[in-house]
Amino acid sequence: MSENMNEIKSQSAEELKKKADATGAKALEILIEEEAEGVVAEFPNSGALLEAAEKIRNAGYKRFEVYSPFPIHGMDDAMGLKQSPLGFIVFAAGSIGCIGALLLQWWTSAVDYPVVYSGKPLFALPAFIPITFELTVILCGFTAVVGMFALNRMPRFYHPMFYSENFSKKAGDDGFFAAIFVWDEKFNVREVKQFFQNIGGKNIEIIHRPLEAELAQQN
Amino acid sequence: MSMETATLKQEHRNGHHHVYVPEPELINDKPRFKTITDIISGVPEGKMPRLWWILFGISFALMAMYLAVITYLIWKGIGIWGNNTTVGWAWDITNFVWWVGIGHAGTLISAVLFLFRQKWRTSINRFSEAMTIFAVICAGMFPLIHMGRIWHAYWFLPLPNSMQMWVNFRSPLMWDVFAISTYLSVSIMFWYVGLIPDLATMRDRAKPGIRKTLLGLFSLGWRGGNRQWRHYERAYMILAGLSTPLVLSVHTIVSFDFATSVIPGWHTTIFPPYFVAGAIFSGFAMVMTLVIITYWMFPQIKQIINERHIDNMNKIIMVTGMMVGYAYGCEFFIAWYSGNPYEASIFIKRATGPYWWAYWSMITCNVIIPQIFWIKSMRTNLAVSFIVSIFVNIGMWFERFVITVTSLSQDYLPSSWKYFNPTIYDVACFVGSIGLFMTLFLLFLRYMPMVAMSEVKGVLPHANPHHPDHELNGHGNGHAHEQHRAEKVAELATKNGGR
């Protein structure tokens, strides 16, 4: 979703100014449409958002996202998302942890520094189980967290969504939002706005960087 | 349960997920999502009450004393403790096991109850996870300072060194190093992952400034998009799945410290389950103590942590208390049944010997006092719960003292029998560690969301996308759903022949 971000080339300040002069009063509106990063709409509750997600998907949009203050049961299916691959990544890491731990204990205790303690054999598998288990768990744990960050592209401190004041205010509290982004092939600002209106979205907003402020600075 | 509900539940089990299945209320008064955010975020955003400052002052002073005593201990050596040649492990190991055990309830609540889909856990899991981390920190201090030469602590790690030696992986003390450090790391990761959405919520509420910047930094740009939730939920599930066997392994390994030796009273196979049950018992008692202290400071959280949570926790305290009581009985039975005179003698001495007072304090606090929870009105009474939780904390400390000290003080050779007397430094280290624990806990209440907001919101009835009553969200209406549900019920009724 974010990899295409760089494709959106922002216009230089001079270009902006030229356009603003040329088009007069409606300059800002046109600019906002040109510079749109997506359109966001608010929905009243989790049920409405689930229905909206299904409708967006059925309308053929791919680069869209729904936002909620808690995970909504059934949303992955509604959006047509596959299961997260994290489980497989963690399994691989766990296997490495398990084998690595056994190798470490075998090599240090039986090969490099063979000393008999309390009559146990040099390679004492039962005595090696606890540490094998712990190292498996810790490798799995680290991978689960780091893997989740990587799959979620975290940390990422800037995202167009944060330009919307309404979104920033409510997303973590009690707001349910859906957004379709400019990097969707079907994206067209006006069509998407209309589409959100048709499916019952409220507070529909074009997401854009603070162009008002930029323009004010120029003038 | 009404017949209608029963039918709907049946339908749910058959895999028709699009029917809303009502569940008992977890939270009083059906709050709106916003109410949850306001109550929880409101605590760190607001001023701390007077009681917080009083408790913080005391805790901080104790922590300062703890650091001073540790400094002196490292300077002088562990001879300042009461440990002697016979009783080589005493309060240090007692404290260590006590603190690790306390930590276990946090993981139980956050991971095991999560896997069992116990939704009531969401009100107390953040809380208890924080408690776990602080308890494990306190626990880890004791083996470290018990080493005496703390600057050699890294010798416990399998690092290549100029002596060309390797650590002994066949020693339970080595297992302990790995178990405790894994436990601490995984607990911190689990806690932090759970915190991310809530930190983002608080970031969005904060006014621009250092606080907002820090919250923004630690919430890693979380937006709550479903593509994020998808991986997040999977990671959370995996961490819960890992923590569950981990928590069992940690106290099992702690019990191996004792069980793999040949000291009478230690060398028993019952130790791992017995230790784990005791750990959960003492941990729930500590969660109870902390919840009630938090009630006094922030009465507004009663809306989120209510009598039902207190009731459930007290039930677990009673059940695990009886498990521990059973283990005490079982130990005696096996001591007699095994026909081993050393084993029998140590148990008779525990109950009637020089440490009888510790043994009977343990039995009173752990087995007898929690029996009051058979009465429902006692389980929901805050004063009773608080007093019982304190008794359990004391009783579980005595349990570890009894195990560690009685077995060592009178072993196979009567000429080396010795009575253990603690010094002022033993007491100072123990009390100081409580200061460290409470300081960390109070700071947590001061700066962090003490309840997992996103999780509590997620288990509210109107969070379910098929809930008929979406009015509570503060927007729109859900009559369509209501109608849908009524139709569904009618349909089911005819299908089942009007049953």
Side-chain angles (χ1 to χ4, degrees), chain A residues 1 44-50 53 65-76 79 81 83-84 86-87 90 104-105 108-109 112-113 117-118 120 124 127-128 130-131 133-135 137-138 140-142 144-145 147-149 151-152 154-159 161 168-169 171-174, chain B residues 17 32-34 37 158 164-171 174-175 178-179 182 185-186 189 193 197 200-201 204-205 216 220-235 238-239 242 245-246 249 253 256 454-455 457-458 462-467 470 473-476 478 481:
Chain A
M1 162 180 117
N45 54 52
S46 55
L49 191 67
L50 192 75
E65 177 67 301
V66 298
Y67 298 90
S68 53
F70 50 84
I72 296 171
H73 184 71
M75 188 57 94
D76 292 354
M79 287 176 75
L81 297 178
Q83 213 184 32
S84 168
L86 193 60
V90 170
L104 170 78
Q105 295 177 87
T108 56
S109 312
D112 196 47
Y113 189 59
Y117 296 104
S118 54
K120 289 173 191 146
F128 290 164
I131 290 178
F133 174 78
E134 301 298 336
L135 286 179
V137 166
I138 198 156
C140 285
F142 267 121
V145 176
M148 186 267 279
F149 287 169
L151 289 168
N152 278 341
M154 283 156 71
R156 176 176 171 187
F157 297 106
Y158 294 95
H159 189 276
M161 285 309 287
S168 296
K169 215 172 85 189
D173 186 0
D174 62 350
Chain B
H17 292 296
R32 288 156 192 268
F33 297 131
K34 192 160 183 45
T37 321
Q164 305 201 354
M165 290 163 76
W166 288 106
V167 291
N168 176 13
F169 282 116
R170 281 153 284 183
S171 158
M174 204 59 222
W175 306 343
F178 279 81
T182 302
S185 317
V186 172
M189 289 191 286
V193 166
T201 301
D204 294 343
R205 287 168 61 100
L220 306 175
W222 179 262
R223 294 179 301 282
N226 190 55
R227 284 164 217 267
Q228 285 188 324
W229 279 122
R230 180 169 67 119
H231 300 304
Y232 175 90
E233 280 198 289
R234 181 47 54 121
I238 290 170
L239 286 173
L242 290 171
L246 178 64
S249 86
I253 290 174
F256 283 168
S454 67
E455 290 188 50
K457 287 176 195 167
H462 45 288
N464 187 319
H466 306 295
H467 189 271
H470 273 299
N473 291 343
H475 316 280
H481 282 276

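Order of the sequence lines sets the chain letters (A, B, ...), proteins ahead of strands, with each chain counted from 1. The structure presented is a predicted model; accordingly, all values stated were derived computationally and were not measured. Hydrogens, waters and symmetry mates are skipped; everything else that's a heavy atom, side chains included, is used.
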Would you compute the distance between atom [atom1] of [X] and atom [atom2] of [Y] and round it to the nearest 0.5 angstrom?
X: A:Leu151; Y: B:Arg227; atom1: CG; atom2: CZ; answer: 13.0 Å
X: B:Arg234; Y: A:Asp76; atom1: CZ; atom2: CG; answer: 9.5 Å
X: B:Asn168; Y: A:Tyr113; atom1: CG; atom2: OH; answer: 9.5 Å
X: A:Met148; Y: B:Leu220; atom1: CE; atom2: CG; answer: 8.5 Å
X: B:His231; Y: A:Leu86; atom1: NE2; atom2: CG; answer: 8.0 Å
X: B:Met189; Y: A:Ile138; atom1: CE; atom2: CD1; answer: 5.5 Å

Do you know the tightest heavy-atom contact between [X] and [Y]?
X: B:Arg170; Y: A:Ala127; answer: CG-CB, 3.8 Å
X: A:Ala144; Y: B:Ile238; answer: CB-CG2, 4.0 Å
X: A:Ser46; Y: B:Ala463; answer: OG-O, 2.9 Å
X: A:Leu50; Y: B:Pro465; answer: CD2-CB, 3.9 Å
X: B:Leu242; Y: A:Val137; answer: CD1-O, 4.0 Å
X: B:Ser454; Y: A:Pro69; answer: CB-O, 3.4 Å

Could you check which of [options] has the highest count of heavy-atom pairs closer than 4.5 Å to chain B?
options: A:Gln105, A:Met79, A:Met75; result: A:Gln105
options: A:Ser168, A:Ser118, A:Ala171; result: A:Ser168
options: A:Cys140, A:Gly172, A:Ala53; result: A:Gly172

Choice from B:Gly225, B:Ser185, B:Gly221, B:Gly458 maximising heavy atom contacts with chain A below 4.5 Å: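 Winner by heavy-atom pair count: B:Gly225.
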Is it the backbone or the side chain of [X] that comes under 4.5 Å from a heavy atom of chain A, or both, or neither?
X: B:Glu455; answer: neither
X: B:Ala200; answer: neither
X: B:Gln228; answer: both

Quick one: does any side-chain atom of A:Ser84 pair with a main-chain N or O of B:Arg230 as donor and acceptor, under 3.5 Å?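 Judged by distance alone, no pair lies under 3.5 Å.
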Quick check against the 3.5 Å criterion: does A:Glu134 have a side-chain atom that pairs as donor or acceptor with the backbone of B:Trp175? no
Using a 4.5 Å cut-off on heavy atoms from C-beta on, say whether the side chain of [Y] contacts that of [X].
X: B:Pro158; Y: A:Leu104; result: yes
X: A:Val145; Y: B:Leu239; result: yes
X: A:Ile72; Y: B:Asn226; result: no

Would one find more than 12 heavy atoms of other residues, nucleotides or ligands at under 6.0 Å from atom NZ of A:Lys169? no
Run through B:Phe33, B:Tyr232, B:Trp229 and flag the one making a ring pair (Phe, Tyr, Trp, His ring centres under 6.0 Å) with A:Phe70.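 Single pass found, and it is B:Phe33.
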Checking A:Val90 against chain B: side chain, backbone, both or neither under 4.5 Å from a heavy atom?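 The answer is the side chain of A:Val90.
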Select one option (side chain, backbone, both, neither) describing which atoms of A:Tyr158 are under 4.5 Å from chain B's heavy atoms.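 Neither part, no heavy atoms under 4.5 Å.
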Report the C-alpha distance between A:Asn152 and B:Arg223 in whole Å, list the side-chain angles of each, state the deciding distance to 0.1 Å, and finish with yes or no for side-chain contact (heavy atoms from CB on, under 4.5 Å). CA-CA 10 Å; A:Asn152 278 341; B:Arg223 294 179 301 282; over 6 Å; no
